[in-house]
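Have a look at the structure below before the remarks.
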Amino acid sequence: MPIRFYNTLTKAKQDFVPVLPGQVCMYHCGPTVYSFAHIGNFRAYIFADLLRRYLEYRGFQVHQVMNITDVGHLTDDSDEGEDKMLVAAGREGKDPWEIARFYSQAFFVDIEKLRIRKAMVYPRATEHVPQMVRLVERLIDRGLAYVSNRCVYFDVTRFPAYGRLSGNTLESLQAGARIEVNPDKRNPCDFTLWVTDDHHIMKWESPWGMGYPGWHIECSAMSMTHLSETLDIHTGGEDNIFPHHECEIAQSEGATGKPFVGCWMHTRHLLVDGRKMSKSLGNFHILRDLLERGYEADAVRYSLLSTNYRQPLNFTLEGVQASKQAVSRLRDFLRRLEEASATRDNPEAAALLARTVAGFEAAMDDDLNVSSALAALFEFVRDANRLSLSREDAALIRAAFGRFDQVLGVLECRPAILDEEIERLIQERQAARQAKNFARADAIRKDLKDRGIFLEDTPQGVRWKRG
RNA sequence: GGCGGUAUCGCCAAGCGGACCAAGGCAGCGGAUUGCAAAUCCGCCAUCGCAGGUUCGAAUCCUGCUACCGCCUCCA
């Protein structure tokens, strides 16, 4: 069975066929580092991570690149918008370079906590200005871009496919009539490739004067530099579809004459408590706040992971709690496996496991249907809990779950150090229980519980876990 | 105004015309087990936003309505 992905460009699920067999070139629109990334951002990055992990699970060699946008882009093409990096710099009394350094470091701290595997490269826009300039020159040479009043614009009328990704054709955009008229442009929908502005703080040399690049060109330039002129997959949030990705296609294909991306994948925005996340509604979450309030990174990851990326996930704190419980159920199961001691192998275990692997893969093959894949795992847990298992059965199951977790990244426990104090208390409690001093035994358990260690008494002895 | 999406149990969420009088997780209730717990097992817990229509058959297709979300200026 082939893997099937929904392609925004064709608006249909289709078989995934990379340009080079067995290899995948994948590019993700990453953070603009002018503030802390919020959980909505992380939904997109966790999706990208899941995609990479599943492709690797399926045996592909994945070349993964995520950009870091550290150039402040004007919010529109008419030279009147604010520059995010500059606004942040003003707010915090720093220069834009410091802002970028600070928030990109924070970004890497956060993705590590969320167990997002690192991409091959995180190219920065500020380090690729020469490549962008060359791309703009190519576009001018091919007659797709023009210089006007020292700025460079892309002529959308020269690229007939403009609008294919988003459905925003030139006619419908003009019908919408919300586009400001810029006298320097030939057509109202033309977009900026280079802004010449000698007074801007972040500026570079170019054939058209000191200035800075337009807000779409970096992804085209960096994906070509680090991957290829034709990408297998390009991801981003749904808000990127237009204008960002539409413009990337125009620039890239305009310059190379080759298809830019085989499969465009876009993550739906999430809601928080059923509403759009916004600072004014007070439902704006960043990872470090959630961690400070006692929620766990793994539970947050599970929450953001467990809904298909094309559904409007509703993020709630109650949901994070539920996720924590769900993860516990899986981890408890794996922990219990270590006590398997049946003397003969259980043929049902292998059969159940085979069915579960098939269910997991069928679900994931179908456009990363994680909810369904997880259901297969939970059904297995319930069924396996009824069985009497040998050590060999348990080893087989653990290996399979290890492979599942290479994809999901939520089962492995964080390294937990059992210090002597805890060990000693467990011993003391056992002695108290032997002596039927249950008051003392319960006091110890409560003490440990308050310190995040949970004890379970079983016929095989005391088992403990971190909550 | 233009383009697009979503609405399934208290909460989250699969389902894409028949195997569904609808997975799975969380929460809840009853029981087994336990010194008490925890974990685990068993049982209970929805006719799918509303109104029509198509079909032998619809959560799944069509029409209308309502609500919410996204894009059309930065935003995952």
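Hydrogens, waters and symmetry mates play no part in the numbers below; they use all other heavy atoms, side chains included.
Atom name P, nucleotides C45(B) and G24(B): the rounded distance is 13 Å, in whole Å. Remark: the separation of the C1' atoms in C50(B) and C12(B) is 24 Å, to the nearest Å. Between the P atoms of G5(B) and U63(B), the separation comes to 12 Å (whole Å). Taking atom C1' on both nucleotides, C62(B) is separated from U73(B) by 37 Å, rounded to a whole Å. Rounded to a whole angstrom, the distance from the C1' atom of A58(B) to that of A19(B) is 16 Å. Taking atom C1' in both U6(B) and C44(B), one finds a spacing of 31 Å when rounded to whole Å. Comparing G28(B) with C68(B), their C1' atoms are spaced 28 Å from each other, to the whole Å. For the P atoms, the distance from G17(B) to A13(B) is 22 Å, rounded to whole Å.
For Arg336(A) and Ile39(A), each mapped to the nucleotide of RNA chain B holding its nearest heavy atom, the one lying further toward the 5' end belongs to Arg336(A). A residue-by-residue look at His244(A) and Glu456(A) shows that Glu456(A) has its nearest nucleotide of RNA chain B further toward the 5' end.
Side-chain N/O atoms of Lys465(A) include none lying less than 4.0 angstrom from OP1 or OP2 on A38(B). An OP1 or OP2 oxygen of A38(B) is reached within less than 4.0 angstrom by no side-chain nitrogen or oxygen of Arg463(A).
Cation-pi check for Lys118(A) over Phe108(A) is met; the charged atom lies under 6.0 angstrom from the ring centroid and within 45 degrees of its normal. Lys13(A) forms no cation-pi arrangement with Phe5(A), by the criterion of a distance under 6.0 Å to the ring centre and an angle within 45° of the ring axis. A cation-pi arrangement is found for Arg310(A) relative to Tyr6(A), the charged atom lying closer than 6.0 Å to the ring centre and inside a 45° cone about the ring normal.
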query = Hey, mind stepping through Asn240(A) and His266(A) against side chain to side chain donor-acceptor pair (under 3.5 Å) and telling me if it holds?
reply = CA-CA 8 Å; Asn240(A) 283 148; His266(A) 293 97; over 6 Å; no
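Within the nucleic acid shown, His38(A) comes within 4.0 Å of at least one base atom, counting heavy atoms only. Contact annotation for Phe315(A): no contact, since no heavy-atom pair falls under 4.0 Å across all strands. Leu271(A) comes within contact range of the sugar-phosphate backbone alone, with a heavy-atom separation under 4.0 Å but no base atom that close.
Summarising the base pairing, A32(B) is matched to U40(B) through a Watson-Crick or G-U wobble pair whose two defining distances lie under 3.5 Å. With a cut-off of 3.5 Å on both Watson-Crick or G-U wobble distances, the partner of G57(B) is given as none. With a cut-off of 3.5 Å on both pairing distances, the Watson-Crick or G-U wobble partner of C11(B) is G25(B). For C3(B), the paired base is G70(B) (Watson-Crick or G-U wobble, both distances below 3.5 Å). Pairing for A51(B) is with U63(B), a Watson-Crick or G-U wobble pair whose two hydrogen-bonding atom distances lie under 3.5 Å. In a base pair of the Watson-Crick type (N1 to N3 plus N6-O4 or O6-N4) or a G-U wobble (N1-O2 and O6-N3), with each distance short of 3.5 Å, C16(B) is matched with no nucleotide.
The six-membered or imidazole ring of Tyr162(A) lies away from that of Phe159(A), with a centre-to-centre distance of 6.0 Å or more.
Checking C75(B), C69(B), U40(B) against the side-chain heavy atoms of Asn41(A) singles out C75(B) as nearest.
Donor-acceptor pairing under 3.5 Å is lacking for the side chains of Asp366(A) and Asn369(A). Between the side chains of His28(A) and Gln64(A), at least one donor N or O lies within less than 3.5 Å of an accepting N or O.
With salt bridges taken as basic N to acidic carboxylate O contacts below 4.0 Å, one links Glu428(A) and Arg440(A).
In this structure, CZ of Arg164(A) is placed 21 Å from P of C72(B), rounded to the nearest angstrom.
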query = For nucleotides 18-35 of chain B, read 5' to 3', which letter fits each nucleotide if B means a protein heavy atom sits under 4.0 Å from the base, S means only the sugar-phosphate is that close, and - means neither?
reply = -----BSSSS-------B
